[in-house]
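Below is one structure, written out as structure tokens; the observations come after it.
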Amino acid sequence: MQMKIYDSVKKEKVPFIPIKEKEATIYVCGPTVYDDAHLGHARSALSFDLLTRTLRALGYRTTMAKNFTDIDDKIIKKMSQTGMDLRELTQMYIDKYLSEMDALNVQRADIEPKATESLDAIESMISKLLESGCAYKISNGDIYFDTSKDSSYGSISHLNRDENENISRVCHADEKRDPKDFALWKACSGENDVCFNTSLGEGRPGWHIECSAMIEKHFEGDEKYTIDIHGGGADLLFPHHENEAAQTRCSTGHEIAKYWMHNGFVQIDGEKMSKSLGNSFFLKDALSIYPGELLRFYLISVHYRNDFNFNEVDLLSAKKRLDKLYRLKMRVMPTKASCVNKEFKNSLLGAMTDDLNSSKALSVVDTMISESNEKLDNEPKNKALKKEIAANIEFVDTLLGFGSSEPYEWFQYGISNEERVKIEQLIEERNLAKKEKNYSKADEIRDELSKMGVSLMDTAEGTKWEKRDSI
RNA sequence: GGCGCUAUAGCCAAGUGGCUAAGGCAGGAGCCUGCAAAGCUCUGAUCCCCGGUUCGAAUCCGGGUGGCGCCUCCA
């Protein structure tokens, strides 16, 4: 099956043909670790998690790198606010980020480089740029990239480099030769700065250089490209990725990436979520209310390139949709999986190989669920059928990353042991009443349970209960 | 000011030149059930507006209108 991706630089859907046959190399811009991760970080991580899962399912030996920017103005500001030192602060947010991504079932990147651990590569790339005259040092020791030396500058974002100048909101540093030039290295600016001693002088790297340097450090590529796919949020296209591309081009003579992928934004009630607007929805807060698996399912229900408008109404309807998978899983439960149904596998993979059409993939899952339920209605004791359904659900988990929970835990999320005992006691009482055909008593008990937020289902295998959604 | 994305049923959301426009949620009807729930079946839109290209367009082109984004740190 041919993987197709939308290349956001070419602006079209193209077949994915990797640099090396059967191998795929991906680099995604990760977070700057000065604060908690928000839903936007989750969306990005999920988008590229789907990418690696799909490529692996297709048999590509896939290497995924995602960096942590662990030195930056905002981090330094946070250090002075909290009194924490650099490592303490950044490691805390890295750990939080990773555990929150775990909760979303995002697979860990194979390589997780940090800027502060890549100074060697950064230093050598900046040195090369200085030697070739693509970079210059100003009087205070800052080193800037000279965008005029890169004739291809602008090819990533398609922005005309001169037209916007008058309107640009960028504040121009006095000694910059061109407003578009950007800092590669920031010279030490005083006691409160965090500085590293290198051949470039005391200072710290600019934001853009770390990605280019780390990619060169960890990947080989060929004479034309270093990696196959470079990804990140749509806001990174300019200037971040434009600058990365320029740095790599000028220091190595080849392009940084063969394909570019950018995920859309998460909005809250139709507005961009951003720190300056104060409407950030932190992942930790979402995870304190909703299961990570539900957030994952909800967030991948919209194609990764579209904007995502986060709201609780839609989240609840996503919950109901995911519930159906778990009810099916419950029906086939003690059964061990056999082989995934070939047609189902191909449909699901077909959706995902079409530029990660996860919306379509979810509809394929829905169809599988209702067809399976229908078959089980007709042949409740067909073991081979149950095994195949179990295998199908396992494949959903492999490719899309949900459906691996134990169904009872899923439906009884957030219920304490005490509540559980009480609920099960009441159910027993009700079953007794039912046996005696004392239906008014049975219904009374059911009402009581309903008030506790518990729904009952009488099935051939006994009475099952679920916690009703209260979100 | 420049560049770009987007507009599909009550809601969410695929589709991007051609059989009856996926799927989900909500709603309605039925089967099942002691009654329910769950599950199953049936049930809804001609695709923002105008013009054009075409045998044929939601799908391409032009012009409107609305929403969003990038051009400053941002996933």
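Labels below follow one simple rule: chain letters A, B, ... track the order of the sequence lines, proteins then strands, and each chain is numbered from 1.
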Determine which nucleotide pairs with [N], using a 3.5 Å limit on both distances of a Watson-Crick or G-U wobble pair.
| N | answer |
| --- | --- |
| B:G10 | B:C25 |
| B:C40 | B:G30 |
| B:C73 | none |
| B:U53 | none |
| B:C47 | none |

[X] side chain: which of [options] is closest?
| X | options | result |
| --- | --- | --- |
| A:Lys74 | B:C73, B:G24, B:A75 | B:C73 |
| A:Ser363 | B:A14, B:C40, B:A22 | B:A22 |
| A:Lys324 | B:C35, B:G24, B:C68 | B:G24 |
| A:Arg446 | B:C70, B:A14, B:C35 | B:C35 |
| A:Leu236 | B:A75, B:A36, B:C40 | B:A75 |
| A:His303 | B:A14, B:G39, B:A75 | B:A14 |
| A:Asp377 | B:A75, B:C40, B:G34 | B:C40 |
| A:Ser317 | B:A38, B:G24, B:G2 | B:G24 |
| A:Ser359 | B:C35, B:G39, B:A14 | B:A14 |
| A:Asp314 | B:C3, B:A75, B:C12 | B:C12 |

Next on the checklist: Treating A:Asp193 as the side-chain partner and A:Ser189 as the backbone partner, does any N or O pair qualify as donor plus acceptor under 3.5 Å?
Outcome noted: yes
Item to check | Any donor-acceptor pair under 3.5 Å from A:His41 side chain to A:His38 backbone | outcome: yes
Item to check | Residue-phosphate contact under 4.0 Å: A:Asn306 side-chain N/O, B:A14 OP1/OP2 | outcome: yes
Item to check | Presence of A:Asn357 side-chain N/O under 4.0 Å of B:G15 phosphate oxygens OP1/OP2 | outcome: yes
Can you check the [X] [atom1] to [N] [atom2] distance for me, whole Å?
| X | N | atom1 | atom2 | value |
| --- | --- | --- | --- | --- |
| A:Asp443 | B:A37 | CG | P | 12 Å |
| A:Asp307 | B:C70 | CG | C1' | 12 Å |
| A:Tyr27 | B:A75 | OH | P | 12 Å |
| A:His262 | B:C70 | NE2 | P | 13 Å |

Checklist entry - Closer to the 5' end of RNA chain B via nearest nucleotide, is it A:Leu237 or A:Ala234? => result A:Leu237
Checklist outcome for this item: Residue pair A:Lys434/A:Lys320 against RNA chain B: nearer the 5' end by closest nucleotide is A:Lys320
Checklist entry - So what does A:Tyr439 hit on the nucleic acid, given a heavy-atom distance under 4.0 Å: a base, only sugar-phosphate, or nothing? => result base
Next on the checklist: With a 3.5 Å cut-off and heavy atoms only, can you find an N or O donor on one side and an acceptor on the other between the side chain of A:Asp458 and the base of B:C35?
Outcome noted: yes
Next on the checklist: Testing the basics here: between A:Met214 and A:Ala115, what is the closest heavy-atom pair and its distance to 0.1 Å?
Outcome noted: SD-N, 4.2 Å
Next on the checklist: Once rounded to the nearest 0.5 Å, what's the spacing between atom CD of A:Glu100 and atom CG of A:Leu283?
Outcome noted: 4.5 Å
Checklist outcome for this item: dist A:Leu356:CG -> A:Ile5:CD1 (nearest 0.5 Å) comes out at 8.5 Å
Checklist entry - Would you call the rings of A:Phe182 and A:Phe145 parallel, tilted or perpendicular if under 30° counts as parallel and over 60° as perpendicular? => result parallel
